[in-house]
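To start, the structure under review is shown below, and the notes come after it.
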Amino acid sequence: MPSVGRIKQLSVLGLTAAAFAVPASSASAADVWLWACHGPGGNALSDLGTKTTPRATSGCKTTGGGFADGVKVFGTGSSDAVRQFGVPNNTVLREVRIGRQTNLVEGQSYALSQGGNTLESRDAEDTPFNGAATFPGAEQSLAPDAPLNFSVNCDGECTTPAGGSGVSLQYIAMRVSDDTAPTGNVGGWTDPASGTLNLQVQASDAGVGLKSATAFLNGTPGPSVSFVAKPLPEGQQRPAEDNEKCEDLTPSDPSIDLAYGAVGQDDDVNDGPIECLNRGTAIVPVDTKSVPDGKNYTIRVEVTDWAGNTTVVMPETPTEVLNNVNLGTNTQDLQIGTAGIVTQQPSTQTPGGSSGGVAGAIAQQCRSPRLSMLLAERPLRVRRGTPILKIGKRYRFAGRLTCVINGRRRSAPKRTRIDFFNDLGRRTIEKPGTTVYSKGRIRFIVAYRTSRTLIFRFTNSDGQRSQVRIRIRVARR
Amino acid sequence: MKRYMALGAALAALGAGGAALGQSAAAGGAAAAQLDGGLSLSPALFVKNAQPGSLGTMLVANRSAAALTVTVTPRPWVQSANGRVSANRRGNLPGVSVSEPTFTLAPGAEKQVGVTLDAAPAGGSLYGAVEVVGIPADIASRQGVVLGYRLIGTIRVLPDQPRVSLVPASRAKITKRTRTAVLEVRNAGNVLDPVTGSARVRSSRGTRNLSVDSVRVLPGNKIAVPLGSRLARGSYVATVRLSQQGKTRVNVTRRFTIR
């Protein structure tokens with residue numbers, strides 16, 4: 001069982017890429033052969049794994065060792081013997097093959113049973129088994145998930161040799177099917193992407209285990225990366241690596257043959273060995289430098305289990321590849337002026353995209369600027385040509401800026417900056433300016449407690465300036 | 001039954017050039033809508049020095065499916081205060097005549113009409129229009145709305161001795177009701193070059209910087225340079241600067257009060 005902390009960790013990681021956590025599709029699966037004691041080529045598979053009871057065996061250590069190196073299910077005169085091989089969780093048993101040799105003494109009997117059915121049996125009086133046997137599920141009515149039971153019993157007194165007698169199992173092979181597709185999610189995706197994008201794929205599989213994850217850049221697959229277990233906390237180590245590897249025992253054969261002892265093992269990171277992972281992580285690289293920069297790329301990630309079930313854990317995700325970022329230049333012409341106008345110049349646009357830089361930020365002169373500013377509210381009174389404003393009251397000043405654009409006088413573009421100064425007599429201080437809004441209009445709202453001269457100013461990048469000075473006086477009434 | 005006639009007019013204004021082609025301005029029935037074209041005039045601009053004689057020949061063509069009665073008349077311009085011009089149908093342009101004032105054009109037919117300057121203009125220059133009106137020859141028998149054409153060409157008789165002079169009025173003209181102020185400027189010269197400029201109108205509340213759009217002022221005519229509308233009550237100081245032919249011709253300051 002996964003620890004609570006592990007579950008928590010997986011939940012948090014799942015949130016990082018929740019959008020990609022939904023399996024999009026899955027491919028059909030093939031059956032998998034699980035081999036115990038010896039593999040299809042006679043290679044020794046010494047670790048029977050945790051699905052076997054009892055787990056320990058003295059045999060299965062010599063490649064091509066035959067029955068002498070098999071799993072011994074030997075009874076003695078005083079006790080019977082039983083060896084059980086469980087079916088991995090979430091798999092269905094389809095067929096059983098065994099290589100066995102019986103050597104029974106009088107009173108002893110051997111039986112192979114599964115799910116209440118006896119697949120084969122033998123007494124001492126019968127001709128001994130010595131070779132292979134196959135039990136197809138369709139004929140033998142194999143139970144989907146019931147374990148195989150090899151038993152040697154003694155009725156009454158059995159005179160057994162030293163070490164016992166019974167049946168020696170050279171190999172036990174189970175053909176199982178796994179129709180459960182893996183699930184997972186992806187983190188580490190960025191848009192735009194550059195260099196090698198290392199996607200962190202977290203996946204789980206309820207059947208025979210995770211095989212690999214693959215990322216597709218615009219449909220082109222990258223390397224398939226095997227899943228690894230989450231590293232142990234610092235200071236902890238897994239048991240010695242004497243268990244079986246999670247690898248195809250017959251790589252040249254289209255069939256999938258795995259070591260029985262590597263499948264369906266307890267994958268608690270703090271406990272036993274982990275081989276064919278039911279939960280794991282894969283860092284899948286996506287080399288974005290293999291394609292030119294552009295916006296119309298997609299990245300897809302698939303996870304496959306050993307049975308061939310494939311799940312798209314990250315669907316086709318539009319991604320921009322941007323390896324060559326225009327960093328501009330370390331020199332820049334200084335434009336004198338505070339209010340350059342930013343407008344589009346269609347004639348300089350490259351068809352199909354910009355030629356770099358900030359989109360649309362092609363500075364154009366506001367030629368012959370003309371700024372008009374007026375006090376838009378009634379003052380207390382006007383004395384000697386100077387409006388007198390009420391102390392502390394907010395007054396609105398409105399105006400308009402026009403420029404010559406394309407040979408005609410037009411309203412200044414939006415967001416053109418207008419500077420604002422206050423002339424206090426001895427000094428002139430700069431105040432927060434504003435920007436032009438629609439139709440070249442400008443609006444300031446100010447409130448003052450002392451008299452001064454307001455200066456509204458626009459300066460274009462050529463230094464052409466248009467400013468309006470409005471002298472105001474402040475009075476209590 | 002009362003008869004109506006719609007004139008499709010194409011106006012070649014003071015500054016326009018090239019051919020003028022009349023297009024139907026109002027529906028003249030289903031038959032008219034299916035015609036290939038209408039009345040055309042080419043060229044639509046005659047520019048000559050102030051020497052008596054031929055100003056040129058224009059081609060009047062009937063591209064419609066009906067015979068047209070065409071009338072060609074030189075007209076003087078009339079200009080409004082904002083600078084817009086139109087052909088004055090109340091009078092004829094003095095000193096200019098055409099070879100064929102009236103004729104009938106069959107469908108697809110063309111006619112060459114000569115335009116002649118009979119005498120040198122008194123002011124040294126002459127600016128006017130050539131009005132070409134085409135109406136169906138069988139208009140008397142038609143009922144309902146009938147499509148006609150009115151094309152306007154331009155005549156410019158340029159002075160031998162150009163004289164550039166813009167004279168501003170001594171006072172701004174105030175319209176109380178709309179609280180609008182304008183400065184009238186008269187073209188005292190004999191050229192028709194565009195006038196541009198700016199106006200700076202200051203008051204106690206602030207400053208308006210206005211621009212004067214390019215406008216051609218007929219010799220002897222006045223245009224009104226706007227100084228502001230819906231002005232608040234108070235005193236104003238307007239500085240108007242106008243230029244023509246690339247030089248500043250007017251740079252005056254006028255004070256006015258809105259009461």
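Letters A, B, ... mirror the listed sequences (proteins, then strands); counts begin at 1.
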Quick one: list whatever passes side chain to side chain donor-acceptor pair (under 3.5 Å) with [X], sequence neighbours left out.
X: B:Gln244; value: none
X: B:Asn49; value: none
X: B:Gln245; value: B:Asp193

Is it the side chain or the backbone of A:Arg408 that comes within 4.5 Å of chain B heavy atoms, both, or neither?
neither
Does a sphere of radius 6.0 Å around [atom1] in [X] hold more than 12 heavy atoms from other residues, nucleotides or ligands, not counting ones at 6.0 Å or beyond?
X: A:Arg410; atom1: CZ; answer: yes
X: A:Arg409; atom1: CZ; answer: yes
X: B:Arg171; atom1: CZ; answer: no

Non-hydrogen contacts under 4.5 angstrom with chain B: give the residues of residues 384-400 of chain A involved, or none if there are none.
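A:Gly385, A:Thr386, A:Pro387 fall under the 4.5 Å cut-off.
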Which of A:Thr402, A:Ile470, A:Leu454 touches chain B most, by non-hydrogen pairs under 4.5 Å
A:Ile470
About how many Å separate [atom2] of [Y] and [atom1] of [X], when rounded to the nearest 0.5 Å?
X: A:Gln467; Y: B:Asn209; atom1: CD; atom2: CG; answer: 10.5 Å
X: A:Arg370; Y: B:Ser211; atom1: CZ; atom2: OG; answer: 5.5 Å
X: A:Arg381; Y: B:Ser204; atom1: CZ; atom2: OG; answer: 13.0 Å
X: B:Thr207; Y: A:Arg469; atom1: OG1; atom2: CZ; answer: 10.5 Å

At a heavy-atom separation under 4.5 Å, does B:Ser198 approach chain A through its side chain, its backbone, both, or neither?
both
Quick check on B:Arg202 against chain A: is it the side chain, the backbone, both or neither that has a heavy atom closer than 4.5 Å?
neither
Can you find a pair of side-chain heavy atoms, one from A:Glu377 and one from B:Arg205, that are under 4.5 Å apart?
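Contact flag for A:Glu377/B:Arg205 side chains = no.
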